[in-house]
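Just so it is clear: chains get the letters A, B, ... in the order the sequence lines come, proteins before strands, and each one is counted from 1.
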Protein chains: 2
Amino acid sequence: MNLTTTSYAILGHLALQPWTMYDLAQQMRSNVHFFFSRAESQVYAEPKRLVGYGLASASRQMIGKRARTVYAITADGRRELDRWLAEPEAAKGPNLEFEALLRVFLSPLGKPEHLVETLEQVRDNLSEMFEAADRVGGAYREGTAAFQHHVLTRSMVYDFLVSFADLADEWAERSAARARRWPDQSEAERIDEAMRIFSEKPTRLRRRQ
Amino acid sequence: MNLTTTSYAILGHLALQPWTMYDLAQQMRSNVHFFFSRAESQVYAEPKRLVGYGLASASRQMIGKRARTVYAITADGRRELDRWLAEPEAAKGPNLEFEALLRVFLSPLGKPEHLVETLEQVRDNLSEMFEAADRVGGAYREGTAAFQHHVLTRSMVYDFLVSFADLADEWAERSAARARRWPDQSEAERIDEAMRIFSEKPTRLRRRQ
DNA sequence: CCCGTTTACTCCGGATCGGAGTAAATATAT
DNA sequence: ATATATTTACTCCGATCCGGAGTAAACGGG
């Protein structure tokens, strides 16, 4: 029984209520998508393994001649989930994958205007995240969210995601502005501005010590 | 010739200078690791494919009876890289994977004290990121960085990473503080505080409109 | 000269992706 | 009333990617 974090993510959702994987795939696309996204094929494959381990049960229903499978958590599954919830997270911080940052990193190899384009693209790409956050926030504000009683913890998740999207947007904005000033600046001015970022932006770690 | 973003990441590094994959794996661990991390086995596998496509060249050297392979970019590789640098990023924003946030999301299924533990763990796990940022920042401030002439763009990457780590640290701090207050609050007070997050933290999208 | 660390990789089983495909049920337009 | 589009509810599969274990020579310190 080799369970991955994906297993526990699915198992956790089954503990909230029974789901068809079609519905759960949708649910996950609009909820955990921005901090724990999995391919649809995985969302369909995972509960079969859980059933194999006796952690979930499947009930096949018929709508006309079309089948649908509803999965639910078992008592064993609930115990396994409790065990996972109680164990500390592996010492393995947030894992970020950000192609735009790689492009910025490698941008001295290309033309300067492509850097500005990349940064503008970053801002465009964030709108999806902003819209998703607004949908969730709106539902909770209106009191119509599917899991309204989870408002305490969902507000924490919302807090993080909005802060993150804002950060990325603000960073792309100020960085693009900086790159656009470069043609009118001397190299000394450009370097001076860059060095100020290293000096005036100490990490929290250093600030505390 | 099916090149992935991983291919261009390696190709880009080879455009900076020739590398052995051992050195490049180390370089990537301390540089792009926090926004584009790849398994070591991939870093070793990728240049072989690049050589197969004629985008890189390998030169095998002998140190005693031990072999080492130094990879360099070819003219074709440089052209392919230029093409990639000029093309816009796929419309696919930052991809975050954050197990702690999944645990917060599912925390109503577990005990309240585990939420606080998860959030404290988040802060501990960030120290690696802070230390890496400090190392890079220190090298550039002292003028001893290996790619000191990339200071303009590296400062942008540094800016993002430090902002991100600070954000995660501050979020975990304020969220843990909130969860610790819960036992002394009424349910109405707790919900009120949660709702204020949804209201008082509008996304940049909504603020602009 | 012995031993632990660093250099420089290879191997492989299993997890995951992502796009294509299937087929029935339902909504929509004509 | 019928054709068409969309939604529901999945399966399949080749390729990518992970990550931990293993190998073996060179180097450095006591």
Side-chain angles (χ1 to χ4, degrees), chain A residues 1-11 13 18-30 32-33 35-53 56 58-71 90-93 95-97 99 102, chain B residues 1-11 13-14 18-30 32-33 35-53 56 58-71 90-92 95-97 99 102:
Chain A
M1 187 158 72
N2 233 350
L3 300 183
T4 65
T5 309
T6 309
S7 313
Y8 292 107
I10 302 280
L11 199 57
H13 276 87
W19 297 91
T20 67
M21 284 310 113
Y22 180 81
D23 288 335
L24 186 50
Q26 276 199 314
Q27 176 74 7
M28 289 179 77
R29 242 202 315 283
S30 60
V32 301
H33 175 70
F35 56 89
F36 196 81
S37 89
R38 287 295 176 262
E40 213 176 301
S41 57
Q42 284 314 300
V43 179
Y44 278 100
E46 200 52 52
K48 297 187 174 177
R49 308 176 64 210
L50 296 177
V51 170
Y53 296 137
S59 86
R60 207 168 172 76
Q61 304 172 352
M62 279 299 176
I63 299 180
K65 54 174 77 174
R66 199 159 85 243
R68 51 182 275 155
T69 311
V70 178
Y71 293 92
K92 174 205 153 200
N95 195 340
L96 185 66
E97 189 155 335
E99 189 187 315
L102 178 67
Chain B
M1 185 159 73
N2 233 350
L3 299 183
T4 66
T5 309
T6 309
S7 313
Y8 293 107
I10 302 280
L11 199 56
H13 276 87
L14 294 183
W19 297 91
T20 67
M21 285 308 115
Y22 180 81
D23 288 336
L24 186 50
Q26 277 200 313
Q27 175 73 8
M28 290 179 77
R29 243 202 315 284
S30 61
V32 302
H33 175 72
F35 55 89
F36 196 82
S37 90
R38 288 294 176 263
E40 212 175 303
S41 56
Q42 285 313 302
V43 179
Y44 278 99
E46 200 52 52
K48 296 187 176 180
R49 306 177 64 210
L50 295 177
V51 170
Y53 296 137
S59 84
R60 207 167 173 75
Q61 303 172 353
M62 280 298 177
I63 300 181
K65 54 176 76 173
R66 194 150 95 241
R68 52 182 274 154
T69 311
V70 178
Y71 292 93
K92 173 204 154 203
N95 195 342
L96 185 67
E97 189 156 335
E99 188 187 316
L102 177 68

Practice task
Tell me which of B:Y71 and A:E46 sits closer to the 5' end of DNA chain C, going by the nucleotide each one is nearest to.
Solution key: B:Y71
Exercise for the section: May I ask you to say what A:S41 touches in the nucleic acid, namely base, sugar-phosphate or nothing, with a heavy-atom cut-off under 4.0 Å? Expected result: base
Exercise for the section: Mind checking side-chain contact (heavy atoms from CB on, under 4.5 Å) for A:R66 and listing every partner two or more places apart, or none if nothing turns up? Expected result: none
Practice task
Mind running side chain to side chain contact (heavy atoms under 4.5 Å, CB included) on B:H33 and B:M28 for me, showing each step along the way?
Solution key: CA-CA 6 Å; B:H33 175 72; B:M28 290 179 77; over 6 Å; no
Handout entry: Contact check, side chains of B:L50 and B:S7, non-hydrogen atoms, under 4.5 Å
Key = yes
Problem - Atom pair distance, as rounded to whole Å: CE in B:M28 and C1' in D:dC17 - result: 13 Å
Practice task
Indicate, with a heavy-atom threshold strictly under 4.0 Å, whether A:A67 touches base, sugar-phosphate, or nothing.
Solution key: sugar-phosphate
Completion exercise
Minimal heavy-atom distance between B:R60 and B:T69, with the atoms involved, is NH1-OG1, 3.2 Å
Handout entry: Full working for side chain to side chain contact (heavy atoms under 4.5 Å, CB included) between B:Y8 and B:L3
Key = CA-CA 7 Å; B:Y8 293 107; B:L3 299 183; 3.4 Å; yes
Completion exercise
To the nearest angstrom, the CG-C1' distance between A:N95 and D:dC18 comes to 11 Å
Practice task
Specify the residue among A:G64 and A:T5 whose closest nucleotide of DNA chain C lies further upstream toward the 5′ end.
Solution key: A:T5
Problem - Spacing between B:R60 atom CZ and D:dA25 atom P, to the nearest angstrom - result: 14 Å
Handout entry: For atom CZ of B:R66 and atom P of D:dC27, their distance in whole Å
Key = 8 Å
Exercise for the section: To the nearest Å, give me how far apart CD (B:Q61) and C1' (D:dA25) are. Expected result: 16 Å
Problem - Along DNA chain C, first and last positions that approach a heavy atom of chain A under 4.0 Å - result: C:dA15 to C:dA25
Completion exercise
Minimal heavy-atom distance between A:Y71 and A:M21, with the atoms involved, is CD1-CE, 3.5 Å
Completion exercise
Taken to the nearest whole Å, CD/A:Q42 to C1'/D:dC17 is 13 Å
Problem - Charged tip of A:R38 within 45° of A:F36 ring normal and under 6.0 Å - result: yes
Problem - Touch class at under 4.0 angstrom, heavy-atom based, for A:S37 against every strand present - result: sugar-phosphate
Handout entry: For atom OH of A:Y22 and atom P of D:dT8, their distance in whole Å
Key = 4 Å
Exercise for the section: Please report, rounded to the nearest Å, how far the P atom of D:dT8 is from the OH atom of A:Y44. Expected result: 10 Å
